[in-house]
Amino acid sequence: MTGDLFAALPREPDIESITEGATLLRAFVSDEEAAALVAAIDTVLAHSPLRNMQTPGGFRMSVAMSNCGQFGWVTDRRGYRYQTLDPLTGQHWPDMPAAFVALAQRAAAAGGFAPFLPDACLVNRYDPGARMSLHQDRNEEDMQQPIVSVSLGLPATFLFGGMERSDKPQRMRLESGDVVVWGGPARLAFHGVDVLRDGEHPLTGRCRYNLTFRRAR
DNA sequence: TAGTGACA
DNA sequence: ACAG
């Protein structure tokens, strides 16, 4: 016997290419760092609470969102955009925690996109049943800048498609501590998240947090 | 088309 | 598909 059948399997860091310009960094975030990130998320959300935004089509998103940093991504009946003010509080979005910036820069570098100076961080909370249909991130000014997406808590199935909505997406399981970085030829790739399955995670309980770092301007 | 819902 |  080389190991206890019931011991937690160690997740070793690993880098995988998804497609040209897109990289999956498995277990890029340590459990210790992940715990610090979740604590920082709590601080952010105390200032700008999660809310289920409305799409231009008039539907509420199942993913609860907030932001930190100089700019925040918002949607309502008028469309998608970045704003310096939180429409819920009327105040500026909370500062991006230093630990967020450090992680985003490390991950971007690992994905081949250094330097990266994010000015926006979207905080997404997926509860069981929440999903995000295929879309492109196209509200940023400089498409030369990458997207960095961090998973914390419950696992999810990430969908990474091509340049056309009709392209069949690759499906990949993202676990807590995984990071996906995309840019260059993959910058406008369609992507989404499949319906989140219920479960329990020691770090977050019954939810998944996703931090998405961008350069809005 | 960052949404839902019907139908096969 | 749909409707926004």
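Chain letters run A, B, ... following the sequence lines, proteins first, then strands; residues in each count from 1.
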Which part of the nucleic acid, if any, lies within reach of N139(A) when heavy atoms closer than 4.0 Å are counted: base, sugar-phosphate only, or nothing? base
note: L134(A), atom CG; dA1(C), atom P; distance rounded to Å ~ 17 Å
Using side-chain heavy atoms (C-beta onward) and a distance below 4.5 Å, is R11(A) in contact with D178(A)? yes
Whole angstroms only, please: what is the CG-P distance between D76(A) and dG4(C)? 16 Å
Whole Å only: how far is the CZ atom of R60(A) from the C1' atom of dG4(C)? 16 Å
Mind checking whether W182(A) and F160(A) have parallel, tilted or perpendicular rings, split at 30° and 60°? perpendicular
Are any side-chain N or O atoms of T19(A) and backbone N or O atoms of A22(A), one a donor and one an acceptor, separated by less than 3.5 Å? no
As a check on the pairing definition, encode DNA chain C in dot-bracket form, counting Watson-Crick and G-U wobble pairs whose two distances are under 3.5 Å, and using | for partners outside this strand. ||..
May I ask you to test the Y126(A)-L154(A) pair for a side-chain heavy-atom distance under 4.5 Å? no
Under 4.0 Å, heavy atoms only, any strand: does M132(A) hit a base, just the sugar-phosphate, or nothing? base
Spacing of R78(A) atom CZ relative to dG4(C) atom P, expressed in whole Å: 19 Å
Please state the C1' separation for the pair dG5(B) and dT1(B) - nearest whole angstrom. 14 Å
Does R77(A) reach a base, just sugar-phosphate, or nothing at all? Heavy atoms under 4.0 Å. nothing
Starting at CZ of R138(A) and ending at C1' of dT1(B), how long is that distance when rounded to a whole Å? 12 Å
Remember a base hit wins even if backbone is also touched, and classify R81(A) as base, sugar-phosphate or nothing at under 4.0 Å, heavy atoms. nothing
Give every residue pair that meets the salt bridge (charged side-chain N to carboxylate O under 4.0 Å, His left out) criterion with at least one member in residues 61-79 of chain A, sequence neighbours excluded. D76(A)-R81(A)
Write down the distance between CZ (F59(A)) and P (dT1(B)), rounded to a whole number of angstrom. 15 Å
In this structure, how many angstroms lie between the C1' atom of dG5(B) and the CZ atom of R131(A), rounded? 11 Å
Side-chain donor-acceptor contact under 3.5 Å, D86(A) with H47(A): no
Take V150(A) and F213(A) through the side chain to side chain contact (heavy atoms under 4.5 Å, CB included) test and state the conclusion after the steps. CA-CA 8 Å; V150(A) 179; F213(A) 297 95; 3.9 Å; yes
